[in-house]
Amino acid sequence: NTRSRRFSVLPSPIIAKLTFRVITMSILAFIVYVPVAYKHSQIVLGKQLLERATFNLDQLKTHQLNIADPELFSREVAPFAVGPRGYIIAIDREGNILTSHPKGFTHLKQDLHWQEHVDALRGGASAQLISHFTDTRYFVTTPFDSYRLVSVITEADFLFELYPLLWKS
């Protein structure tokens, strides 16, 4: 009986060390887990959003689109945009926006900020992730007639879908 009592009660310095180690390891695990989970979720979700935008643009290409009437074009393409703040525009070979833009932009460079990204999308790149300071957006493009359709996924829509993945994991 004395032997079992001796092992069941640990001296307080050992309890303090054990408690400190458990708390420290929990904090370190949380500090490491959140950024790793965020980055992994960002990669997985980003790929899903790009695939969804590509699929939607392919579906949209089966419709007759009227880019001469910007309001009609916006209504026709709205169901194919990814997310409530996402949008689809049409651009010509020089990067001029042929349809209405939510912010009133007239050239793709106003939306992308850097000419090399404009050149990549005009030249046939199918998708681009653009980070400009705190504003990150995904651009997916496909040729259609004599112009290109560009689907834009906003950072707010991306984060709206990302946060539930982080907090449920």
Side-chain angles (χ1 to χ4, degrees), residues 30-169:
F30 183 75
I31 289 171
V32 169
Y33 169 75
V34 171
V36 169
Y38 178 83
K39 188 62 178 171
H40 179 69
S41 298
Q42 187 180 31
I43 291 167
V44 169
L45 181 61
K47 185 176 180 189
Q48 286 179 346
L49 291 175
L50 291 174
E51 288 173 355
R52 190 182 323 163
T54 302
F55 177 80
N56 288 356
L57 286 178
D58 287 342
Q59 294 298 310
L60 187 58
K61 286 168 52 172
T62 64
H63 292 70
Q64 293 293 330
L65 298 176
N66 181 4
I67 66 167
D69 182 356
E71 293 302 317
L72 178 61
F73 178 84
S74 294
R75 282 195 308 273
E76 289 175 337
V77 301
F80 296 92
V82 176
R85 291 168 220 62
Y87 53 92
I88 297 175
I89 55 176
I91 62 169
D92 65 11
R93 294 183 191 274
E94 284 73 43
N96 296 310
I97 298 174
L98 305 173
T99 56
S100 62
H101 187 283
K103 294 182 180 176
F105 295 156
T106 58
H107 195 276
L108 195 57
K109 186 168 191 241
Q110 294 170 290
D111 218 355
L112 289 170
H113 306 291
W114 291 293
Q115 187 62 41
E116 61 266 18
H117 295 299
V118 174
D119 294 341
L121 286 176
R122 282 186 351 197
S126 61
Q128 291 278 327
L129 164 62
I130 310 299
S131 288
H132 182 69
F133 300 109
T134 59
D135 184 22
T136 301
R137 283 168 289 154
Y138 291 86
F139 290 81
V140 178
T141 182
T142 188
F144 187 76
D145 289 339
S146 61
Y147 51 91
R148 297 186 73 79
L149 295 173
V150 180
S151 180
V152 181
I153 305 165
T154 65
E155 182 175 33
D157 290 328
F158 173 78
L159 293 175
F160 179 75
E161 294 199 30
L162 177 66
Y163 285 146
L165 290 175
L166 288 176
W167 299 118
K168 290 180 183 176
S169 60

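Side chains included, hydrogens not; waters and symmetry mates left out as well; all remaining heavy atoms used.
When the options Ile67, Leu149, Leu72 are evaluated for a side chain to side chain contact (heavy atoms under 4.5 Å, CB included) with Thr99, the one that passes is Ile67.
Between Ser100 and Ile89 the shortest heavy-atom distance is O-CG2, 3.8 Å. A pairwise comparison of heavy atoms in Leu60 and Glu76 identifies CD1-O, 4.3 Å as the closest pair. Nearest heavy-atom pair, Leu65 versus Phe144, reported as atom, atom and distance to 0.1 Å: CD1-CE2, 3.9 Å. Minimum heavy-atom separation, Ile88 to Ala81: CD1-N, 3.8 Å. Between Glu94 and His107, the shortest heavy-atom contact is O-NE2, 2.9 Å. Closest of all the heavy-atom pairs between Asp157 and Pro84 is OD1-CD, 3.1 Å.
Atoms OH and OG1, from Tyr138 and Thr154 in turn, are 11.0 Å apart once rounded to the nearest 0.5 Å. In this structure, Ile91 CD1 and Thr106 OG1 are separated by 12.5 Å, a value rounded to the nearest 0.5 Å. The CZ atom of Phe158 lies 9.5 Å from the CD1 atom of Ile153; values are rounded to the nearest 0.5 Å. For the atom pair CD of Glu161 and CG of Leu45, the computed distance is 5.5 Å after rounding to the nearest 0.5 Å.
Classified by interplanar angle (parallel below 30°, tilted 30° to 60°, perpendicular above 60°), the ring pair Phe80/His63 is perpendicular.
Judged by distance alone, the side chain of Asn66 and the main-chain N or O of Ala68 form a donor-acceptor pair under 3.5 Å.
With a 4.5 Å cut-off on side-chain heavy atoms, Lys47 and Leu50 do not count as touching.
Counting heavy-atom neighbours within 6.0 Å of Phe105 CZ, excluding the residue itself, gives a total above 12.
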